[in-house]
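Read the structure below first, then the notes.
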Amino acid sequence: MTPTMTTASKVTALRPELHGPAKLDAPRPVRTRRINREGYKINWWMTSLLLVASLTILVPLYFTISMALKSPEQAASGTGFAWPTDPHWENFAQAFELTNYPAAFMSTAFITVISVLGALAASSMVAYAIVRNWDKKFFRLSYIYFLSAMFVPFPVVILPLIKQTAMFGLDNPLGVAFIHIVGGISFNSLLFIAFLRSIPVELEEAARLDGASTWQTFRKVIFPLLAPMSATVGIFAFLGSWNDFLLPQMLIADPALQTLPVVQQLFQGQFNTNYSLAFASYLMALAPTLLVYLFAQRWIMSGVMRGAVK
Amino acid sequence: MTAPASVRTVAPAASDTALKINHKKRKVDPTYYWMIVPVLVLFAIFSTIPALIGGFFSFTNYAGYGDWKMVGLRNFQNIFSDPEILASYAFTFFFAIVATVVVNVVALLLALGLNSKIKFKTGIRGIYFIPMVLSGLIIAYVFNYLFSNTLPGIAEALGIAPLATSILANEQWAWAAIVFVTVWQAAPGATIIYLAGLQSISEDVYEAASLDGAGPWRQLRSISLPLIAGYVVINTILGFKGYLGTYEVIVALTGGGPGTATQSVAMRIFSGFSGGDYSYQMANAIIFFIITLIISLLQLQILRRREVSL
């Protein structure tokens, strides 16, 4: 120890654990490299295995992108894996017009927004009413009624349902959103009920003492507390209604109001050979959810996980 | 404050008798009825009534339009001697069983991999969960091209004669392609449920086991697998019911063909809307409902037993 040492460094010299990481030398760094940021010893075998296996996911996506950018001639030749020789961006513009993308997008977005908002409002209110009145027969029976519907497979109701929606003038996107909301009530209320039972009733008693009505308590106290489960229900409702094919295909009478997945049928004709155009259209239909996923991945994952635990 | 205490009773059996007097007296705030009754009405209109109407028409000869009369059980009798319908049941159950097994095996392996000590954990998980947000129909269209053009092209170049024709046109093996795309689509959802299960196992258990000299294989067999057995049951039940109603992946891949080799029950039923055999397919739907109901009840029985033993 040299006499020029400052007090601070004297302290650190006496208590080595106060050293900054930069001053660690000799045998320690080996350890810090093995036990790294993740806090455990990395299994490189498993990492590489998973990276290789992830090609099953990435290859079809690469394939879609590369096909979308090819000239019709290049798309029709070879296996399709080659990267486009000169990217044909105009494929997107053509597919955009051919499928009337803006109309299909708006129709899909309309169904999705109504479905998500409706699912959140309807199932959270149903769940709240049932949980807070569990001692009343009416609410217990309603609960059983909603749950029993989970045993009825969709194909059983679809034929009469199509006739009925047409009768009510609901053979349009609004009708599809309606059926999405009704169809999701059982499962979504179940999620909300499980979550509501973990919220202590004392929280609302305070609001009640301040003179809040049932509706105000729900709106101002309970609904905000439900936010994590609302995220889960909302994500499921969003993916379910955005990607749905069956209901819009069966229900929506006017082709001009069809949704993004349904309009892709345009490219399924026996004599359609313009594959690059088809793939450009597929890519544009896949892009919205893919982009949402890229930007909100962490949030979506935690929401879905919450649904899995319940 | 006895009233709110009784409001809280969510587990009915224990306190029911003790608080019965309170229950009788307590008046339910009408707001609760406003929260649940409109949803109940919508639910009845768009779910229960169609099911009942459909059930009624299964005893008629209604073609979907025009006059009809009661024909008793004739539709049901005809179904049991209709080879095409019986074949669709055989295919649907075969497909559902194979898909359930493969999805669960893949998802379990994937969950174990993603839960292990790997580098780039978030990124790798992010890739594997992409299929969850994509439209099954469009993905199946992409795979349709891969199966019918790319794969035969590659097989031809490599000189593998049996694979040089499209698997989708192969009566014997087209189902394998449908299973593959179904697994691609459904494995991430099942994986999330398994991941949730694996993460609920405390790290201490593994530490104790490794102190006792248990290797990774032994830890997997004696800790991980037994502790997530309940999640296997959940995944099997959820998955099997979904695969029984499988529709859009088949529509996009084979359209039920070649011939009627890959036609599912749901596709047969939906054909009743345009095919003029409305009442016949309604009878089919009722039979489908009864079969799925029996399966669901059996599965619930298993689930209940499982929970007791856990």
Side-chain angles (χ1 to χ4, degrees), chain A residues 40-43 46-47 50 54 57-58 60 63-64 78-80 122 125-126 128-129 131-136 142 149 151-162 164 178-179 182 185 197 201 205 214-215 239 243 245-246 261 264 275 282 285-286 289-290 293 297 301 304-305 308-309, chain B residues 4 6-10 12 23 28-29 31-32 35-36 39-40 42-43 46-47 50-51 53-54 113 116-119 124 126-131 133-138 141-142 145-146 149-150 153-154 192-193 196 245 247-248 266 269-270 272-273 278 281-282 285 288-289 292-293 296:
Chain A
Y40 48 67
K41 190 166 164 285
I42 282 177
N43 186 343
M46 188 55 89
T47 307
L50 282 170
S54 73
I57 310 289
L58 294 176
F63 185 84
T64 313
T79 54
M125 285 196 294
V126 164
Y128 180 62
V131 166
R132 289 291 173 258
N133 299 289
W134 188 249
D135 52 320
K136 295 288 177 195
S142 308
F151 291 104
V152 184
F154 193 64
V156 175
V157 290
I158 182 74
L159 296 183
L161 198 56
I162 297 169
Q164 206 175 309
F178 250 69
I179 311 284
V182 170
I185 285 281
R197 286 184 172 166
V201 84
E205 273 169 20
T214 301
W215 174 246
L239 293 175
N243 289 330
F245 166 67
L246 176 59
Q264 306 307 322
Y275 291 116
Y282 299 161
L286 293 175
T289 47
L290 204 52
Y293 178 71
Q297 188 205 334
M301 287 300 300
V304 174
M305 278 284 218
V309 177
Chain B
S6 69
V7 179
R8 254 181 97 182
T9 345
V10 281
H23 293 175
V28 179
D29 185 333
T31 316
Y32 286 120
M35 285 177 164
I36 196 169
V39 184
L40 275 175
L42 278 180
F43 198 75
F46 288 106
S47 163
I53 292 178
S116 65
K117 301 176 159 107
I118 51 167
K119 187 84 180 164
I124 292 181
I127 295 173
Y128 277 104
F129 293 126
I130 289 176
V133 302
L134 302 179
S135 148
L137 179 89
I138 300 177
Y141 281 147
V142 171
Y145 187 89
L146 280 166
N149 295 26
T150 308
I154 295 174
I192 283 186
I193 295 182
Y247 175 66
E248 52 187 49
I269 294 174
F270 298 155
F273 187 62
Y278 182 92
Q281 292 307 337
M282 256 343 287
F288 186 59
F289 167 56
T292 50
L293 183 66
S296 303

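Letters A, B, ... are given to chains in the order of the sequence lines, protein chains preceding strands, and every chain is numbered from 1. Quick caveat, the model's predicted, so the values are computed rather than measured.
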Study note, to complete from the structure: Cut-off 4.5 Å, heavy atoms of chain A, and the answer for B:Ile124 is side chain
Exercise for review: Can you see which heavy atom on A:Pro60 is nearest to which on B:Val142, and at what distance?
Suggested key: O-CG1, 4.1 Å
Exercise for review: Considering only heavy atoms and a distance below 4.5 Å, find which of A:Leu290, A:Ile162, A:Ile179 pairs most often with chain B.
Suggested key: A:Ile162
**Study point:** Beyond-backbone contact of A:Val152 with B:Ser47, side-chain heavy atoms, under 4.5 angstrom
**Key:** no
Study note, to complete from the structure: Interatomic distance, CE@A:Met301 vs CZ@B:Phe129, rounded to 0.5 Å, equals 4.0 Å
Review point. Among B:Ile193, B:Val39, B:Leu293, who wins on heavy-atom pairs under 4.5 Å with chain A?
Key: B:Val39
Point to revise | Minimum heavy-atom distance between B:Thr292 and A:Pro153, given as atom pair plus value | key: OG1-CG, 3.2 Å
Review point. Taking atom NZ of B:Lys119 and atom CD1 of A:Ile42, what is their separation to the nearest 0.5 Å?
Key: 4.5 Å
Exercise for review: Of all the heavy-atom pairs spanning A:Pro155 and B:Phe288, show the shortest one and how long it is.
Suggested key: CG-CE2, 4.0 Å
Practice item. Could you tell me the separation between the OH atom of B:Tyr141 and the CG atom of A:Leu286, rounded to the nearest 0.5 Å? Key: 12.0 Å
Check your understanding: Tell me, side chain or backbone of A:Ile158 under 4.5 Å from chain B's heavy atoms, or both, or neither?
Key -> side chain
Review point. For the side chain of A:Thr289 and the backbone of B:Val133, is there at least one donor-acceptor N/O pair under 3.5 Å apart?
Key: yes
Exercise for review: With the side chain counted from C-beta on, respond yes when A:Leu50 and B:Ile127 share a heavy-atom pair under 4.5 Å apart, and no when they do not.
Suggested key: no
Exercise for review: Output the option from B:Ser135, B:Ala266, B:Gly272 having the highest count of non-hydrogen pairs under 4.5 Å with chain A.
Suggested key: B:Ser135
Point to revise | Closest contact, heavy atoms only, B:Ser116 versus A:Met46 | key: OG-CG, 3.2 Å
Point to revise | Closest heavy-atom pair and its distance - A:Val157, B:Pro50 | key: O-CB, 4.0 Å
Review point. Do A:Phe151 and B:Phe289 make the cut of ring centroids closer than 6.0 angstrom?
Key: no
Exercise for review: Could you tell me whether the side chain of A:Asn243 and the main chain of B:Gly136 form a donor-acceptor pair under 3.5 Å?
Suggested key: no
Point to revise | chain A contacts, top residue of B:Leu134, B:Leu42, B:Asp29 (heavy-atom pairs, under 4.5 Å) | key: B:Leu134
Check your understanding: Rounded to the nearest 0.5 Å, how far does CZ of A:Arg132 lie from OG1 of B:Thr31?
Key -> 14.0 Å
**Study point:** For A:Tyr293 against B:Gly126, the heavy-atom pair lying closest together
**Key:** OH-O, 2.7 Å
Revision key, fill the gap. The interface call for A:Tyr282 against chain B, heavy-atom contacts under 4.5 Å, is both
**Study point:** A:Leu239, part contacting chain B, at a heavy-atom distance under 4.5 Å
**Key:** side chain
**Study point:** Side chain to side chain, B:Tyr247 and A:Phe154, heavy atoms closer than 4.5 Å
**Key:** no
Point to revise | Atom pair CG/CG of A:Leu246 and B:Leu137 - distance to nearest 0.5 Å | key: 10.5 Å
Check your understanding: For B:Ile53 and A:Gln164, what are the C-alpha separation, side-chain angles and deciding distance, and is it a side-chain contact (heavy atoms from CB on, under 4.5 Å)?
Key -> CA-CA 10 Å; B:Ile53 292 178; A:Gln164 206 175 309; 4.2 Å; yes
Practice item. Supply the atom-to-atom distance B:Tyr278 OH to A:Leu159 CG, rounded to the nearest 0.5 angstrom. Key: 5.5 Å
